[in-house]
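Here is the structure we will look at.
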Amino acid sequence: MILDTLDRLREYSVQIPYLDLVLKFLEVTDLGSLEEGRIVLSDNALFVNINNQKAQTRNQVPIEAHRQYIDIQIPVSNDEEMGFMPAAFLPEASVPYKEESDIEFFPGPCDTYLNVRKGMFVAFFPGEGHAPAITETGVRKIVIKIRK
């Protein structure tokens, strides 16, 4: 897991594949003006989901994990809280892994919660548990999915 400011994203090119394409997309795109949906940047290797998440509490958000993709999550409208759980400490899955959607769910809560402010990003790597979009008012966010 990486938590940092967007202006430092370039520093992680060794850990994150396709980062040059991600940076180019972020440089030329007004993230606030994107419509909800998916933008494919490189076939099945790299795509962007634009989501509007409703208000949720820690107890309402299950822990999720992916096996094939890195998630780079960027809050656009306001700050959000995200839970984190290292792969080694995840409990037994409450919803088994689905390869077609690359997701499995685990019961919460997480051990650690992060305050992710506008202008920041979090990168969750395959196997790492996370509980995103915890807010009192909801959040508009960008999730960049990168095949590992």
Side-chain angles (χ1 to χ4, degrees), residues 1-6 8-27 29 31 34-77 79-135 138-148:
M1 191 257 326
I2 299 170
L3 173 66
D4 207 338
T5 55
L6 276 172
R8 291 185 33 82
L9 182 57
R10 186 175 308 282
E11 303 294 322
Y12 300 98
S13 61
V14 172
Q15 295 94 345
I16 302 173
Y18 300 101
L19 196 56
D20 56 334
L21 293 174
V22 170
L23 291 167
K24 183 178 275 187
F25 171 78
L26 293 174
E27 288 170 6
T29 305
L31 300 180
L34 293 173
E35 292 186 28
E36 194 168 14
R38 176 180 288 195
I39 301 168
V40 177
L41 299 179
S42 179
D43 296 323
N44 289 327
L46 175 61
F47 59 92
V48 179
N49 289 327
I50 300 96
N51 302 320
N52 292 313
Q53 303 286 154
K54 65 180 190 305
Q56 303 177 98
T57 66
R58 288 181 179 181
N59 292 331
Q60 292 174 308
V61 180
I63 301 168
E64 63 183 67
H66 312 288
R67 295 183 185 178
Q68 300 177 40
Y69 286 88
I70 298 168
D71 269 8
I72 298 177
Q73 302 204 13
I74 304 169
V76 175
S77 62
D79 300 351
E80 72 177 286
E81 186 177 53
M82 294 185 201
F84 173 70
M85 183 80 82
F89 299 114
L90 286 171
E92 186 174 325
S94 55
V95 177
Y97 180 73
K98 294 181 181 168
E99 187 172 350
E100 63 277 359
S101 54
D102 186 40
I103 197 164
E104 60 191 321
F105 292 98
F106 304 86
C110 288
D111 287 342
T112 303
Y113 287 88
L114 313 162
N115 183 28
V116 185
R117 299 178 183 192
K118 281 178 61 174
M120 296 180 78
F121 74 93
V122 178
F124 296 108
F125 291 87
E128 294 180 332
H130 51 285
I134 300 168
T135 70
V139 63
R140 179 174 182 74
K141 65 188 299 176
I142 306 297
V143 180
I144 300 167
K145 306 286 281 185
I146 303 168
R147 186 176 289 278
K148 183 74 172 144

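Ring geometry for Phe47 versus Tyr69: interplanar angle over 60°, hence perpendicular rather than tilted (30 to 60°). Taking the six-membered ring where the residue is Trp, Phe84 and Phe124 present parallel rings, their angle staying beneath 30° rather than reaching 60°.
Rounding to the nearest 0.5 Å places CG of Leu26 at 8.5 Å from CD1 of Ile142. Rounded to the nearest 0.5 Å, atoms CG (Asn115) and CD (Glu81) are 7.0 Å apart. Going from atom CD of Glu64 over to atom CG of Leu90 covers 11.5 Å, rounded to the nearest 0.5 Å. Taking CE of Met1 as the start and CE of Met82 as the end, the distance is 10.5 Å to the nearest 0.5 Å. Met85 CE to Glu128 CD: the interatomic distance, rounded to the nearest 0.5 Å, is 12.5 Å. Between the CG atom of Leu46 and the CG atom of Leu41 there is a distance of 4.5 Å, given to the nearest 0.5 Å.
Across all their heavy atoms, Leu23 and Arg10 have their closest contact at CD1-NH1, 3.3 Å. Annotation for Val139 and Pro75: closest pair CG2-CB, 4.2 Å, computed over non-hydrogen atoms. Between Val61 and Pro132, the shortest heavy-atom distance links the atoms CG1-O, 3.4 Å. Residues Gly83 and Ile134 approach most closely at N-CD1, 4.3 Å, considering heavy atoms. Counting all heavy atoms, side chain and backbone alike, Gln53 lies closest to Gln56 at NE2-NE2, 4.1 Å. Here the closest heavy-atom approach between residue Ile63 and residue Ala131 is recorded as CA-CB, 4.5 Å.
Taking 4.5 Å as the limit, every side-chain heavy atom of Ile144 sits out of range of all side-chain heavy atoms of Phe121. When side chains are defined from C-beta on, Val122 does not count as touching Ile2, because their heavy atoms never get closer than 4.5 Å. Counting heavy atoms from C-beta on, the side chains of Thr112 and Cys110 never come closer than 4.5 Å. In this structure, Glu104 and His66 have side chains that are not in contact, with every pair of non-hydrogen atoms separated by 4.5 Å or more. Looking at heavy atoms from C-beta onward, Ser77 lies out of side-chain contact with Lys118 at the 4.5 angstrom threshold. Annotation: side chain of Ile16 is not in contact with side chain of Val22 (no heavy-atom distance under 4.5 Å). For the pair Asp71/Lys145, a side-chain contact is recorded, criterion being any heavy-atom separation below 4.5 Å from C-beta on. Between Tyr97 and Phe105, the closest side-chain pair of non-hydrogen atoms is not below 4.5 Å.
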*asked:* With side-chain contact (heavy atoms from CB on, under 4.5 Å) as the criterion, how do Leu9 and Asp4 come out once you've worked through the C-alpha distance, each side chain's angles and the decisive distance to 0.1 Å?
replied: CA-CA 7 Å; Leu9 182 57; Asp4 207 338; over 6 Å; no
*asked:* Could you go through Val116 and Asp79, starting from their C-alpha distance and side-chain angles, then the distance that decides it, and tell me whether this counts as side-chain contact (heavy atoms from CB on, under 4.5 Å)?
replied: CA-CA 6 Å; Val116 185; Asp79 300 351; over 6 Å; no
*Mind running side-chain contact (heavy atoms from CB on, under 4.5 Å) on Arg147 and Asn44 for me, showing each step along the way?*
CA-CA 7 Å; Arg147 186 176 289 278; Asn44 289 327; 4.2 Å; yes
_If you apply the rule side chain to side chain donor-acceptor pair (under 3.5 Å), what do you find for Gln73 with Lys141, and how did you get there?_
CA-CA 7 Å; Gln73 302 204 13; Lys141 65 188 299 176; 2.5 Å; yes
*For side-chain contact (heavy atoms from CB on, under 4.5 Å), just list the numbers for Val143 and Ile72, CA-CA rounded to whole Å, side-chain angles, deciding distance to a tenth of an Å, and then say yes or no.*
CA-CA 6 Å; Val143 180; Ile72 298 177; over 6 Å; no
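Around the CD atom of Glu92, the shell of radius 6.0 Å holds no more than 12 heavy atoms that belong to other residues, nucleotides or ligands. Residue Phe106 qualifies as enclosed at atom CZ: its count of foreign heavy atoms under 6.0 Å is above 12. More than 12 non-hydrogen atoms from other residues, nucleotides or ligands lie less than 6.0 angstrom from CZ of Arg67.
No donor-acceptor pair closer than 3.5 Å links the side chain of Glu11 to the backbone N or O of Arg8. Between the side chain of Glu80 and the main chain of Ala133, a donor-acceptor pair closer than 3.5 Å is present.
Side chains of Gln68 and Lys148: a donor-acceptor N/O pair is absent below 3.5 angstrom, by distance only.
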